[in-house]
Each structure stands twice: as C-alpha cells, then as structure tokens.
Amino acid sequence: MTDEPTTPASGMRDFLPEQVARRNHVFDIIRDVYEGYGFEPLETPSMERLSTLLGKYGEDEKLIFRIMKRGQKLQRALDEDPSEDELADLALRYDLTVPLARIFAEHGNDFPRVFKRYQIGPVWRADRPQKGRYREFYQCDVDILGSESTLVEAEVISAAADALERLGFDDFRIHTNHRKLLDGMMEIAGIEQEMRSDALVAIDKLDKIGLKGVVDELDERGLSDDAVDTLMPMLDQGAEADSPPFDNQRTLQAIADQIEQTESGAHAVSDLESLFRVCEGSSAGRHLYFDPYLARGLSYYTGAIFEIRSDDFPGSLAAGGRYDDLVGMFTNQDVPACGFSLGVERIIDLMEERDMFDIDETPADVMVAVWDEDFAADSMAIARQMREAGLRADLYPDDDSGFGKQFGYADERDIPFVAIFAPDEKEAGCVAIRDMDSGEQTEVSREHAGEETARLILKARD
RNA sequence: GUGGGCAUAGCUCAGUCUGGUUAGAGCGCCGGCUUGUGGUGCCGGAGGACGCGGGUUCAAGUCCCGUUGCCCACCCCA
C-alpha cells in the first residue's frame with residue numbers, strides 16, 4: 001500500500017466503458033454528418049513546436065501546455081536565467097485550427113483548390129478546471145480553406161447545426177456577428193486600435209453582466225465616455241428578442257445605415273446580408289441569430305464569427321469563424337479560411353444532464369458458459385462458431401464456477417443470452433441457449449450452433 | 001492568476017454548529033437458504049487510524065492553524 005494518488009491529473013478524466021460507448025456514439029454521429037458534407041479527415045500530432053503556437057491566440061497563450069526541453073538542451077537553457085518559454089521547445093496543441101493552418105502552409109499544393117477537412121481529437125489547455133471546462137478535451141472541427149464566399153460560412157455552421165440536431169438538440173441559437181462590423185463601430189466611436197480587443201472582451205459579456213455591466217466595464221477598461229456613448233446605441237439597435245423566429249435582415253438593416261460609412265463596416269454588412277440569404281436554404285437557417293454583441297476572444301478571427309448557445313448551458317457549445325490571415329502567418333500565400341468547432345465535452349455533459357443517451361451498451365450478444373475444465377475447449381469452439389456467424393460472443397473467463405455464478409456474471413454485464421454446453425447437451429448433441437430475460441432455454445444443434453443462435457437472437461429482437 | 005465551498009466504508013452521503021462509551025445508513029461486494037440456473041426475497045459477513053500535518057483539551061471525525069486535492073464562481077474559453 002502506497003499513498004500514490006489514483007485519480008487522474010487535475011482537469012483530466014478517465015472514461016469507463018459505458019462512458020466511452022456514449023462518447024463514441026456522439027463522435028460517430030458527428031463524423032457521419034461531417035462526411036455527409038464532403039469534409040475529408042485530417043490528423044495532426046498532439047504536440048507542436050512551441051513557436052508554431054505562440055502569437056496566434058492572443059492573451060490565452062499563457063494557457064498553452066509547454067513541454068520542457070530535454071537533456072543537454074535543457075541544461076544549457078537552465079544555465080542562462082531562462083524565461084518559461086525558453087525552457088520549452090514543444091507544446092500540446094491548444095486547438096485544431098492553428099495546426100491546420102500549419103499543415104496547409106506545408107502541403108497546400110497537395111490539397112484541392114478549396115480544401116474541406118474535419119478533425120476530431122483532443123486538445124489541451126492549462127486552464128483551471130470548472131463545469132464544462134477540462135484541461136484535456138475533444139474538439140470536432142470542420143474547416144474550409146481557399147474560398148472567400150459566404151457559402152463556406154453557411155456550410156460549416158450548417159454541418160454543426162445538423163450534427164446537433166442529429167444528437168437530439170433543437171433549442172440552440174447560432175449567435176452570429178462579424179469582426180469587421182465591430183471594427184467599423186469602434187472606428188466610428190473613435191476607439192484606437194490598441195483599445196479594441198479590450199473593448200471586445202467587455203462587449204462580449206452582455207449576456208452575463210447586462211447592458212449596464214458592459215458600459216461599466218468599458219469605462220473601467222479606459223474607454224472615453226464619448227466613445228461609449230457612440231458605441232452602445234449602435235450595438236443596441238441590433239438588440240432583438242433572443243427567441244425565434246429571428247429577423248436578422250431587419251436587425252442588420254437597423255445597424256447598416258450608420259456602419260456602412262466605414263470600409264470594414266460596409267464589407268461586414270455585405271457579408272452578413274449574403275450569409276443570411278444563403279442560410280435560408282440550410283439547416284442552420286432557423287437557428288441563426290444575429291447578435292451584434294458577440295465578439296469572441298481568439299485573435300485570429302477576421303470576418304464572420306459564430307457561437308452556439310443553449311439556454312441550459314453557461315458558455316458556448318460550439319464556436320468558429322473566418323480567419324483569412326492565419327495561413328499567411330506560416331507562409332506568404334494568402335489563404336482565406338473559415339472553420340467551426342463543436343465543443344463535444346459540453347455537448348456530452350448536457351446530454352448526460354438531460355438523459356438524452358439511449359444506446360445499446362451491451363458488451364456482447366451472447367456469453368458461452370463453461371461447465372468444467374474438460375468442456376472448456378468445446379466452449380471455446382462454440383464461441384468461435386458464434387463469432388463466425390457474426391455474433392459478439394463472450395466466453396466465461398473461468399472453468400470452475402457453477403452456472404449460478406456464471407449467470408450472475410452475464411446478468412451483471414447485461415448480456416441477453418447464455419449458451420450452455422454441459423454433459424446433458426453433449427449427450428444430446430445440442431447447445432442450450434438461455435434467454436436471460438425470460439429464463440427460457442432453446443436448443444440449437446451443436447454442429448450449427450453459430451448460425452442457429454444468430455437466427456434465434458435475431459428473431460428474439462423483433 | 002483571484003474568491004468561495006467540500007474532503008467520513010468501493011460509491012452516494014449522515015454525524016461536525018452544542019467535543020465525551022465499540023463512527024452510522026443506503027447502494028455495492030462476499031457467503032448461506034439454492035451441488036446444472038441468475039435477477040426478486042430472507043439471513044449472515046467483510047470493509048473506516050474520519051485527506052495530510054500540527055495545535056487546543058482530561059478527551060478531537062467534531063474546535064483552531066497550516067497543507068494538499070477536488071468542486072463551484074471570476075478571468076478567459078469548447
């Protein structure tokens with residue numbers, strides 16, 4: 001006995017078989033939907049060079065899990081009063097988007113002119129854990145590189161909306177805004193460039209701290225009263241009821257007149273108009289909610305931005321947007337890009353809370369019992385016949401237990417049938433198949449035990 | 001990085017405020033009733049130096065200080 005901890009490291013989780021089954025169920029549906037849109041799978045390593053990740057995320061960079069240099073390099077670094085970043089040369093990936101930009105910069109010529117990819121995998125953030133927030137969590141990303149059309153925005157949010165609907169969600173909103181719209185507003189309000197990201201953070205909090213809260217926070221962050229007085233009414237023209245049906249076009253028009261005097265504002269209005277129009281034909285359409293207060297923290301977004309929210313969950317279930325300059329940070333070429341990421345952990349948490357899982361978690365279709373040591377080879381042979389007939393067959397893992405114990409084991413694992421081959425059955429040349437639900441036993445021939453059992457089970461399921 | 005809450009059996013928790021004989025419950029686990037047959041029932045059993053360290057006291061699971069871990073909130077984010 002030692003006092004070594006047995007819980008996973010902070011913010012990390014173990015998954016028991018039942019949980020894995022549920023998670024896989026969710027991943028399977030999402031993958032199926034994404035592939036249905038023609039997205040191709042792409043995988044990148046869990047670790048990246050630290051320099052690849054630095055400078056892409058803004059403030060959040062401090063949450064990147066750094067990996068220390070090793071051996072002599074570490075010694076050398078230690079010798080010269082190093083900063084945290086000088087001690088590390090690698091890092092766990094912080095999201096799936098920046099690695100995508102890197103791989104596109106490397107392999108761009110190998111991809112089609114417009115490249116649609118999806119990726120499902122874990123990412124790591126050194127955040128303090130909290131409800132719906134983990135240090136290791138899966139993201140399910142779709143991204144389209146190489147097109148400036150708003151059709152691309154429409155595709156990625158539709159894929160996400162379809163996936164959510166397939167998982168059983170209905171009451172979610174896709175909050176939509178545009179970085180350039182916010183830029184235009186801030187320009188009109190005379191907010192200098194270096195204040196703008198601060199302003200965005202405050203604006204983004206509307207749903208949490210309310211209108212007055214936003215005004216106070218803008219004030220605290222050092223914006224002039226003039227700027228705040230100009231900015232807030234513009235934002236507020238966009239305020240509409242946050243339940244469907246949403247009249248996004250009208251909301252946009254209310255803002256457009258003023259905002260179109262700036263170049264970026266005009267660009268944003270035209271983008272959003274086009275997006276709203278295109279989406280009318282998509283599954284995202286009825287969920288789309290133009291929200292001028294949506295800002296988003298990540299610094300790489302350049303155009304439309306999105307966040308999916310449900311009233312039952314604090315924070316967002318999914319997020320994304322256009323990031324036309326990210327690939328350019330790795331190579332000279334300009335590659336327009338837009339992506340969307342489902343926060344599956346939060347989706348799964350919410351599904352657990354709402355008891356939305358309804359899946360068959362049985363680990364096997366049938367368990368083959370073992371009478372004694374002398375019958376063990378026969379039991380193995382029967383299990384093999386069952387598997388060859390396409391059944392998931394489990395073999396009782398011991399040869400000296402009574403049937404009572406063996407049935408208990410099958411019952412505990414929710415295995416619906418038990419196959420029995422003991423002296424009586426051997427005598428009769430049969431295998432007894434016990435229905436664990438009813439207790440009824442049916443005999444199948446020893447020779448064709450596989451197919452006959454498969455038929456029997458199939459029939460019982462109807 | 002900041003604030004708050006919690007830590008007692010394998011699990012979920014009572015007991016702590018108002019210190020005092022062998023620390024409880026439910027569930028789970030093991031055995032028996034049931035030597036070719038489970039689930040339900042009845043009977044029995046195992047399992048805890050009360051997170052860790054120190055202090056106060058005749059006496060600490062209970063009060064005080066520290067520490068670690070987890071959870072929740074803030075910041076920020078999927």
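All chains are named by letter (A, B, ...) in the order of the sequence lines, taking the proteins before the strands, and each is independently numbered beginning at 1.
Counting atom types as modelled, A:R133 pairs no side-chain N or O with a base atom of B:C71 as donor and acceptor under 3.5 Å. A donor N or O paired with an acceptor N or O is found under 3.5 Å between the base of B:G38 and the side-chain atoms of A:D411. Residue side chain A:R128 does not reach the base of B:C75 through any donor-acceptor N/O pair under 3.5 Å, judged by distance alone. Between the base of B:U37 and the side chain of A:Q406 there is no donor-acceptor pair shorter than 3.5 Å.
Remark: A:R125 is not in phosphate contact with B:C76, judged by side-chain N or O atoms under 4.0 Å from OP1 or OP2. The phosphate of B:C70 has OP1 or OP2 within less than 4.0 Å of a side-chain N or O from A:S10. Side-chain N/O atoms of A:Q130 include one lying less than 4.0 angstrom from OP1 or OP2 on B:C74.
Nucleic acid contact class of A:S341 (heavy atoms, under 4.0 Å, all strands): none. No contact: A:E136 has no heavy atom under 4.0 Å from any strand. A:A319 comes within contact range of the sugar-phosphate backbone alone, with a heavy-atom separation under 4.0 Å but no base atom that close. Here A:E307 lies out of heavy-atom contact (under 4.0 Å) with every strand. Among the heavy atoms of the strands, none lies under 4.0 Å from A:V418. Within 4.0 Å (heavy atoms only), A:K205 reaches sugar-phosphate atoms of the nucleic acid but no base atom. Counting any heavy atom pair closer than 4.0 Å across all strands shown, A:G408 reaches sugar-phosphate atoms only and no base atom. Within 4.0 Å (heavy atoms only), A:D437 reaches at least one base atom of the nucleic acid. Residue contacts shown for A:I420 include a base, since a base heavy atom lies under 4.0 Å away. Here A:R221 lies in heavy-atom contact (under 4.0 Å) with sugar-phosphate atoms only. Within 4.0 Å of A:Y409, counting heavy atoms only, lies no atom of the nucleic acid at all.
A:D349 has its CG atom 11 Å from the C1' atom of B:A78, to the nearest Å. Across the protein-nucleic acid pair, A:R413 atom CZ and B:G39 atom P stand 18 Å apart, rounded to whole Å. Atom-to-atom, CE of A:M367 to P of B:G38 comes out at 13 Å; the value is rounded to the nearest Å. The CG atom of A:D435 sits 13 Å away from the C1' atom of B:U37 (whole-angstrom rounding). If you take OH of A:Y134 and P of B:C71, they are 9 Å apart, rounded to a whole angstrom. Per the geometry, CZ belonging to A:R346 stands 11 Å off P belonging to B:C77, to the nearest Å. Between A:Y57 atom OH and B:C76 atom C1' the separation is 15 Å, expressed in whole Å. Between the CG atom of A:D127 and the P atom of B:C74 there is a distance of 12 Å, rounded to whole Å.
Base pairing of B:C71: its partner is B:G4, meeting the Watson-Crick or G-U wobble criterion (both donor-acceptor distances under 3.5 Å). The nucleotide B:G24 finds its pairing partner in B:C13, both defining distances of the Watson-Crick or G-U wobble pair being shorter than 3.5 Å. Figure legend. B:A78 is base-paired to no nucleotide; pairs are counted as Watson-Crick or G-U wobble with both atom distances under 3.5 Å. In this structure, B:G61 makes no Watson-Crick or G-U wobble pair, since no nucleotide meets both defining distances under 3.5 angstrom.
For the P atoms, the distance linking B:U37 with B:G32 amounts to 12 Å, nearest Å. Only the P atoms considered, B:G51 is 15 Å distant from B:U16, to the nearest whole Å. Distance noted for atom C1' between B:C52 and B:C6: 16 Å (whole Å). B:C72 and B:U12: their P atoms are spaced 14 Å apart (whole Å). Taking the P atom of each, B:C71 and B:C64 are spaced 25 Å apart, rounded to whole Å. With both ends at atom C1', the span from B:G69 to B:G39 equals 39 Å, rounded to whole Å. Taking the P atoms as reference points, B:C11 lies 13 Å from B:G48, given to the whole Å. Comparing B:G61 with B:G19, their C1' atoms are spaced 10 Å from each other, to the whole Å.
Sequence order on RNA chain B of the closest nucleotides to A:V344 and A:E412 puts A:E412 first from the 5' end. Nearest-nucleotide positions on RNA chain B place A:R434 closer to the 5' end than the other of A:R434 and A:D60.
At distances below 3.5 Å, not a single donor-acceptor pair connects side-chain atoms of A:E452 with backbone N or O atoms of A:A449. No donor-acceptor pair under 3.5 Å is formed between the side chain of A:D291 and the backbone N or O of A:T176.
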### Task
Walk me through it: do A:Y134 and A:D127 pass the test side chain to side chain donor-acceptor pair (under 3.5 Å)?
CA-CA 7 Å; A:Y134 308 96; A:D127 217 346; over 6 Å; no
### Worked verdict on A:F27 versus A:Y138 for ring-ring contact (aromatic ring centres under 6.0 Å, His included)
CA-CA 10 Å; A:F27 295 144; A:Y138 274 66; 5.0 Å; yes
### Message
Before you tell me yes or no, could you show the steps for A:W124 and A:F137 under ring-ring contact (aromatic ring centres under 6.0 Å, His included), namely the whole-Å CA-CA distance, both residues' side-chain angles and the distance that decides it to 0.1 Å?
### Response
CA-CA 7 Å; A:W124 292 267; A:F137 63 97; 9.0 Å; no
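Because its glycosidic torsion is within 90° of 0, B:A49 is reported here as syn.
Partner A:M367 forms a side chain to side chain contact (heavy atoms under 4.5 Å, CB included) with one of A:M436, A:Q406, A:R413 and no other, that one being A:Q406. Test A:L223, A:D198, A:D225 against A:L218 for side chain to side chain contact (heavy atoms under 4.5 Å, CB included) and you get one pass: A:L223.
Between A:Q139 and A:R93, the side chains place no donor N or O within less than 3.5 Å of an acceptor N or O (distance only, hydrogens not considered).
Contact detail for A:S264 and A:E187: the closest heavy-atom pair is OG-OE1, 4.0 Å.
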